[in-house]
Amino acid sequence: MQYGFWSIVPPILTIVLALVTKNVFISLFIGIFLGSFIIADWNFIAALNAALNNCVKTMASSGNTIVIASMLFIGALIYLIERSGGVDGFVDVMVKKNGIIKSKRGANIFTWLLGVLIFTSGSLSCMVTGSVARPVNDALKVPHEKAAFIIHATSTPVCVLIPLSGWLAAMIGYLTSGGVAEADAIPTLIKSICLNFYCIFAVLGVLVLAITQKDFGPMKAAEKRAAETGMLDDPVHAKEGGEISRVKISDAKPRVMNLVLPILTLLFTVIIALFVTGNGSLMKGSGMNSLLWGCFVSLVVMGALCVFQKIFTLNEVIDEMFKGMGSMLSIAFVLLLGFTMGSTVKALDTGSYLSSIFLQALNPAFLPALVFIIACLISFATGTSMGTMAIMFVIALPMAINLGVNVPLVAGAAFGGSIFGDHTSPISDTTIMSCSTSGCDIIDHVKTQTPYCAFFAGASLILYVILGFVM
């Protein structure tokens, strides 16, 4: 059945509600209900029943279930790593290198390197990088605005470029919800990472600034203030309280092995599983099964380490695992609703309708650029990257598939645009955490980093326009 104009109302309403309410859960469910309402021929009770049951039916897909299960496993793994002293051990190893840092350039590069190496979680990266690097940055008169910028640019953008964490399951889930076949999910993801220009520019751009020490705009003024007066904050927003102490995540003895070993186990297990299931070809392997095996084996290894090191008993390890899984429940529900929204949009055949309009109004080559712009706007207004991805992928990828536009390119644009808001929005959780651990005022942070982020986004947009015609 063709629903015409009504097929685009649910996704558009979802976007508008996300912008207004800044609540992705409510926005997605209302979008799902409205789609079901249209399909049920405007029968309210039937629509509500369909919306609820469609959420349940989403779990009938083994791929969806694996993604959500892997997300919970990753949550348990990261929590055990933190609680067993793995993060603190890693931090201690890095801190011992502080003695060789003698300049602002060295402090900036150290902060960048620490942020890149802690790629499992954007929030964790902000917390650890900020608290560890702040004494070094303060001692060498690095303005808090510069420190916050480096900390922030190496948090979530790095997680997307090196998704060896819960991001891996989430990103694969967003791709499959948009219509990418499960067998093609990992190859598509790898290609999209190389085309995620905003995140690449953000991470490498900060490194270039750290090495060259060449700034412009408000950041240059902040650097000049710190160099001439020694004031690390704008006097208007200067904070009292001085330095904060480094965050200690666990009371357990710091052990760097408790972070390195499980992460390496995850990586190598995924590679081996891809090789085995692909009969010797990594690209032909089962991405979903490989992901599940990687998460499971690494979690078993982490649990065994905790028991052998007598950090926890077996029962305590299981309790800690469930606590870690609990930290991922909100993301798991976003994925669940995102998957359901995807199936609803597919039933409405929204992609085909939008494609027909798009073909008449605009060259399909502009789709990657358009997706990037819309994702930037939504993520900036809502302050959430994952919520934006959940909304964008079920709309953008079906259009790309129907129009014959390069899917990895559109996916890269959607991923990068979604991260833009997480990186620049004043209401983003990583913005708040970057400021809290670096000692920077939120308004000062947003004001000084905006010219750089705008430059990265502008350069990305130009590339998406060019590659939209070339690829």
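Note that the coordinates shown come from a computational prediction; the quantities given were computed from them, not determined experimentally.
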Please determine, by modelled atom types, if H152 and H445 share a side-chain donor-acceptor pair under 3.5 angstrom. yes

For the residue pair [X] and [Y], is the inter-centroid distance of their aromatic rings smaller than 6.0 Å?
X	Y	result
F420	F372	no
F469	F366	yes
F456	F197	no
F37	F33	yes

I'd like to know if the side chain of [X] reaches the main chain of [Y], judged simply by a donor and an acceptor atom lying under 3.5 Å from each other, with no hydrogens or angles considered.
X	Y	answer
Y198	C376	no
E145	E223	no
D184	V180	no
N54	A50	yes
T448	P218	no
Y464	G412	yes
N53	N49	yes

Minimal non-hydrogen separation, [X] against [Y], with atom names:
X	Y	value
Y79	G324	CB-CA, 3.5 Å
S298	G294	OG-O, 2.8 Å
V206	A153	CG2-CB, 3.3 Å
G178	L397	O-CB, 3.3 Å
P262	L77	CB-CD1, 3.8 Å
A396	L367	O-CD2, 4.4 Å

To the nearest 0.5 Å, what is the distance between [atom1] on [X] and [atom2] on [Y]?
X	Y	atom1	atom2	answer
W6	I39	CH2	CD1	14.0 Å
S192	Y174	OG	OH	13.5 Å
S418	N196	OG	CG	9.0 Å
L17	I30	CG	CD1	5.0 Å
L463	I200	CG	CD1	9.5 Å
Q449	I150	CD	CD1	11.5 Å

[Y] side chain reached by [X] side chain, heavy atoms, under 4.5 Å:
X	Y	value
T188	M171	no
N108	W112	no
P163	I193	yes
F268	T265	no
R105	T212	no
L467	P368	no
H423	C453	yes
M392	I374	yes

For side chain to side chain contact (heavy atoms under 4.5 Å, CB included), just list the numbers for M341 and F29, CA-CA rounded to whole Å, side-chain angles, deciding distance to a tenth of an Å, and then say yes or no. CA-CA 8 Å; M341 185 67 185; F29 185 77; over 6 Å; no

Residue F296 excluded, over 12 heavy atoms near CZ under 6.0 Å: no

A quick test of your reading: do over 12 heavy atoms of other residues, nucleotides or ligands sit less than 6.0 Å from CZ of F216? yes

P408 and its side-chain contact (heavy atoms from CB on, under 4.5 Å) partner, picked from I190, L189, L195, L175: L195

Might you work through the ring pair (Phe, Tyr, Trp, His ring centres under 6.0 Å) test for F149 and Y452, ending with a clear yes or no? CA-CA 9 Å; F149 177 46; Y452 298 108; 5.0 Å; yes

Here's a test for you: under salt bridge (charged side-chain N to carboxylate O under 4.0 Å, His left out), which of K224, K104, K146 qualifies with D215? K146

